[in-house]
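Every chain is numbered from 1, with letters handed out A, B, ... down the list of sequences. We use all heavy atoms of the structure for the numbers below, so side chains are in, but hydrogens, waters and symmetry mates are not.
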Protein chains: 2
Amino acid sequence: MAIADNAAMSNTSTGLRERTRRAVRREIAETASRLFLERGYAATTIDDIAAVVGMSQRSVFRYFPTKEDLLLEKFDLAAEQLLDRLARIPAAEPIWSALRQAFEVMVPETDRPGHDAAAEAIMRVVFGSTSLFAGYLERLQRMQDDVVALLRDGRPGATADLRAVVGAGFGCLVAAQRSWLDRSDPCPFAAMLDRAMAMVAPAPPPRQRH
Amino acid sequence: MAIADNAAMSNTSTGLRERTRRAVRREIAETASRLFLERGYAATTIDDIAAVVGMSQRSVFRYFPTKEDLLLEKFDLAAEQLLDRLARIPAAEPIWSALRQAFEVMVPETDRPGHDAAAEAIMRVVFGSTSLFAGYLERLQRMQDDVVALLRDGRPGATADLRAVVGAGFGCLVAAQRSWLDRSDPCPFAAMLDRAMAMVAPAPPPRQRH
DNA sequence: GCCATATGTGTCAGCAACTGACATAATAGA
DNA sequence: TCTATTATGTCAGTTGCTGACACATATGGC
């Protein structure tokens with residue numbers, strides 16, 4: 001049956017259908033981002049996006065479950081990378097610095113020499129819209145669950161404690177992101193994140209029996 | 001003009017109109033909470049609520065801007081109390097313990113002997129619905145702005161640093177709330193919050209020049 | 001090349017959260 | 001009592017989102 005075939009090839013890049021589907025998906029997301037940047041999130045309607053892409057509104061919803069997902073799925077990719085990175089960090093590493101390293105993937109392009117302005121602009125759209133920001137925070141929360149699940153085996157301590165530390169770390173992340181967007185003079189995001197996280201858990205962590 | 005009069009009496013409890021308005025408002029909120037508990041948030045429609053209260057859907061929206069506000073405005077009251085409490089804490093107090101004390105108002109009734117089951121049930125509704133939870137997190141974020149603004153004068157340090165510490169504190173708060181809702185054996189929320197916050201910032205805080 | 005099946009798409013109808021506009025009733029204040 | 005404000009209902013409309021149906025296209029086995 002084709003079902004088995006599909007399941008088997010869904011991860012691989014093979015399968016013409018998958019490829020075109022992915023391409024259409026990307027085109028929708030990119031058009032949406034562009035329109036959101038140009039006209040603002042609330043002022044852009046799904047019908048607008050559909051019209052530009054050249055398909056019906058219904059089809060847009062077949063690719064993306066909600067309007068928010070059109071933008072926020074970008075962060076799902078970051079979430080995967082974050083977990084990937086975290087998984088490679090040895091368990092001996094203190095949690096706080098492990099988190100700091102993992103957060104490196106969260107704002108990948110903004111500090112690089114090229115300084116991808118689009119990434120920052122999208123961040124401003126997300127942080128500027130109440131509903132988008134709410135959705136972003138909720139995604140961060142779900143991300144924390146994955147992080148906790150990953151850190152749980154390999155490290156000692158109760159889940160509740162782990163959750164608290166991870167929650168505090170993500171709190172610092174969001175604080176740093178907001179402070180960075182509010183910055184007056186040019187300042188790399190990594191520095192803001194360092195400062196934020198150093199503020200909370202200073203160098204010698206007393207928890208951590210190795 | 002009546003405009004000035006209204007502005008003058010809006011705070012006081014005088015004014016029959018204000019009083020009835022407040023009463024209607026409360027009735028709507030209570031009916032909404034009840035229906036959300038009974039049928040679930042998503043399954044309850046504004047028309048349902050309006051029908052039970054005995055008014056038109058349009059009028060419900062005249063009292064509450066969004067469906068979310070019907071539930072989440074409860075936390076606005078908590079936010080006020082939190083700021084109130086925080087304002088009374090002397091500036092000499094370390095930020096972390098000041099936050100811990102202020103958080104005391106966040107889950108007021110659940111730990112008391114009476115154990116207001118409604119409060120916990122509402123919490124479960126909020127934490128159980130994706131959109132409600134997102135809105136809750138966004139409100140917590142705005143609450144943090146107020147907390148930072150309050151702590152800024154009276155304490156040394158840059159706003160960004162303050163924001164990080166406060167963000168970490170609220171991160172612990174949410175983590176404790178989630179852990180508490182997940183609890184298997186009976187456990188007071190205050191204890192969970194203590195543990196969560198102790199986990200992140202241990203007893204002797206190295207920042208804090210007094 | 002042909003056929004059965006799976007898949008993508010458009011269209012349409014409908015629901016629910018909102019919003020603005022208008023008419024009307026109730027009411028506070030002079 | 002009269003007037004200006006306010007509360008409410010009704011109605012129409014927008015937007016996000018969903019299910020159902022029909023149709024076209026493409027895929028894979030023969």
Side-chain angles (χ1 to χ4, degrees), chain A residues 1-10 14-28 32 35-36 39-73 129-132 134-135, chain B residues 1-10 12-28 32 35-36 39-73 129-132 134-135:
Chain A
M1 270 309 216
I3 299 173
D5 292 346
N6 272 341
M9 71 170 63
S10 61
T14 30
L16 184 143
R17 226 145 189 175
E18 314 288 329
R19 239 180 306 143
T20 59
R21 181 165 178 83
R22 247 187 280 265
V24 172
R25 209 182 146 75
R26 251 192 72 193
E27 194 192 343
I28 297 175
L35 293 185
F36 290 157
R39 317 179 186 174
Y41 178 74
T44 307
T45 208
I46 303 280
D47 284 305
D48 294 341
I49 298 164
V52 172
V53 178
M55 53 179 13
S56 71
Q57 184 223 49
R58 191 65 181 86
S59 280
V60 173
F61 278 116
R62 285 200 249 259
Y63 283 91
F64 292 90
T66 69
K67 187 183 178 187
E68 283 186 3
D69 283 83
L70 285 166
L71 255 195
L72 294 183
E73 269 205 359
S129 151
T130 301
S131 63
L132 266 182
Chain B
M1 269 310 208
I3 299 171
D5 292 346
N6 270 342
M9 72 170 61
S10 61
T12 79
S13 70
T14 30
L16 184 142
R17 226 145 189 173
E18 314 289 328
R19 238 180 308 144
T20 58
R21 181 166 178 83
R22 246 187 281 266
V24 172
R25 209 181 145 76
R26 250 194 72 194
E27 194 192 343
I28 297 174
L35 292 186
F36 289 157
R39 316 180 188 175
Y41 178 74
T44 307
T45 211
I46 303 282
D47 284 302
D48 294 340
I49 298 164
V52 173
V53 178
M55 53 179 13
S56 71
Q57 183 223 51
R58 191 66 181 86
S59 281
V60 174
F61 279 117
R62 286 194 177 101
Y63 284 90
F64 293 90
T66 68
K67 188 183 178 188
E68 283 186 3
D69 283 84
L70 286 166
L71 254 196
L72 294 184
E73 270 204 359
S129 150
T130 302
S131 63
L132 266 181

I'd like a table of donor-acceptor pairs (distance under 3.5 Å, sequence neighbours excluded) in which one partner is a side-chain atom from residues 45-55 of chain A, with atom names and distances.
unit_1: A/Asp48; atom_1: OD2; unit_2: A/Arg39; atom_2: NH1; d: 3.4
unit_1: A/Asp48; atom_1: OD2; unit_2: A/Thr45; atom_2: N; d: 3.1

Checklist entry - Which parts of nucleotides 14-19 of chain C does protein reach within less than 4.0 Å, heavy atoms only, written one letter per nucleotide 5' to 3' as B for base, S for sugar-phosphate only and - for none? => result --SSBB

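Here the C1' atom of nucleotide D/dA7 and the CZ atom of B/Arg25 are 15 Å apart, to the nearest Å. The CD1 atom of B/Ile28 sits 12 Å away from the P atom of D/dA7 (whole-angstrom rounding). B/Glu18 has its CD atom 8 Å from the P atom of D/dA7, to the nearest Å. Whole-Å rounding puts the A/Met55 CE to C/dG10 C1' distance at 10 Å.
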Every protein N/O within reach of nucleotides 23-28 of chain C N/O, cut-off under 3.5 Å:
unit_1: C/dA28; atom_1: O4'; unit_2: B/Arg17; atom_2: NH1; d: 3.4

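Between A/Lys67 and A/Phe61, the shortest heavy-atom distance links the atoms N-CE2, 4.5 Å. Smallest separation of non-hydrogen atoms from A/Gly135 and B/Ala134: N-CB, 4.3 Å.
Under the side-chain hydrogen bond (donor to acceptor under 3.5 Å, both in side chains) criterion, B/Arg26 pairs with B/Glu30, not counting sequence neighbours. For A/Arg62, the side-chain contact (heavy atoms from CB on, under 4.5 Å) partners two or more places apart in sequence, or in a different chain, are A/Arg58, A/Ser59. A/Tyr41 pairs by the ring-ring contact (aromatic ring centres under 6.0 Å, His included) definition with A/Phe36, not counting sequence neighbours.
Put simply, B/Tyr63 has a side-chain N or O that comes within less than 4.0 Å of OP1 or OP2 on D/dT8.
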Next on the checklist: Is there a salt bridge (Lys or Arg N to Asp or Glu O under 4.0 Å) between B/Glu27 and B/Arg22? Walk through the geometry before answering.
Outcome noted: CA-CA 9 Å; B/Glu27 194 192 343; B/Arg22 246 187 281 266; over 6 Å; no

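Here B/Ser56 lies in heavy-atom contact (under 4.0 Å) with a base.
Salt-bridge annotation for A/Arg25 and A/Glu73: present, with a side-chain N of the basic residue lying under 4.0 Å from a carboxylate O of the acidic one.
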